[in-house]
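This report refers to the structure that appears directly beneath it.
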Amino acid sequence: MMSEQLSADQELVSDVVACQLVIKQILDVIDVIAPVEVREKMANQLKTIDFATHPAAADPVTRRAIQKAISLIELKFTPQGEAH
């Protein structure tokens with residue numbers, strides 16, 4: 001392991017990447033055990049957030065995070081040959 005000091009930004013990015021790796025593992029498991037309906041429901045639950053009334057609408061960071069989550073779920077759950 002390299003013992004160099006990371007900046008706060010680098011630590012944050014590192015944490016995000018770590019979370020993404022864990023999430024990818026979970027998505028791979030869901031991919032195996034969950035029927036398509038379950039995966040569609042996951043994406044649809046996020047899509048039903050009403051930005052007109054939801055507090056997240058006031059926060060562009062949260063709003064982007066929700067949109068990114070939807071795209072990650074949908075990208076992950078495209079047929080095996082299409083996803084990278």
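Given the structure is predicted, the values throughout are model-derived calculations rather than measurements.
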Q: Calculate, to the nearest 0.5 Å, the distance between atoms OG and CG belonging to Ser71 and Leu46 respectively.
A: 10.0 Å

Q. Any sub-3.5 Å donor-acceptor pair from Glu11's side-chain atoms to Ala8's backbone N or O?
A. no

Q. Is Lys24 salt-bridged to Asp28, going by a charged N under 4.0 Å from an acidic O?
A. yes

Q. Can you name the nearest heavy-atom pair linking Ile70 to Ala43, along with the distance?
A. CG1-O, 4.2 Å

(Q) Quick one, Lys41 and Gln45 - any side-chain contact, counting heavy atoms below 4.5 Å? (A) yes

Q | Shortest non-hydrogen contact between Gln10 and Gln5, atoms and distance | A | OE1-O, 4.4 Å

Q: Determine whether Met42 and Ile30 make a side-chain contact, defined as any pair of heavy atoms from C-beta on separated by less than 4.5 Å.
A: yes

Q. Between CG of Asp59 and CZ of Arg64, what distance do you get to the nearest 0.5 Å?
A. 12.0 Å

Q. Looking at Val32, Leu27, Ile33, Ile26, which hits side chain to side chain contact (heavy atoms under 4.5 Å, CB included) with Val29?
A. Ile33

**Q.** For Val13, the rest of its hydrophobic cluster, which grows through side-chain links under 4.5 angstrom
**A.** Val17, Leu21

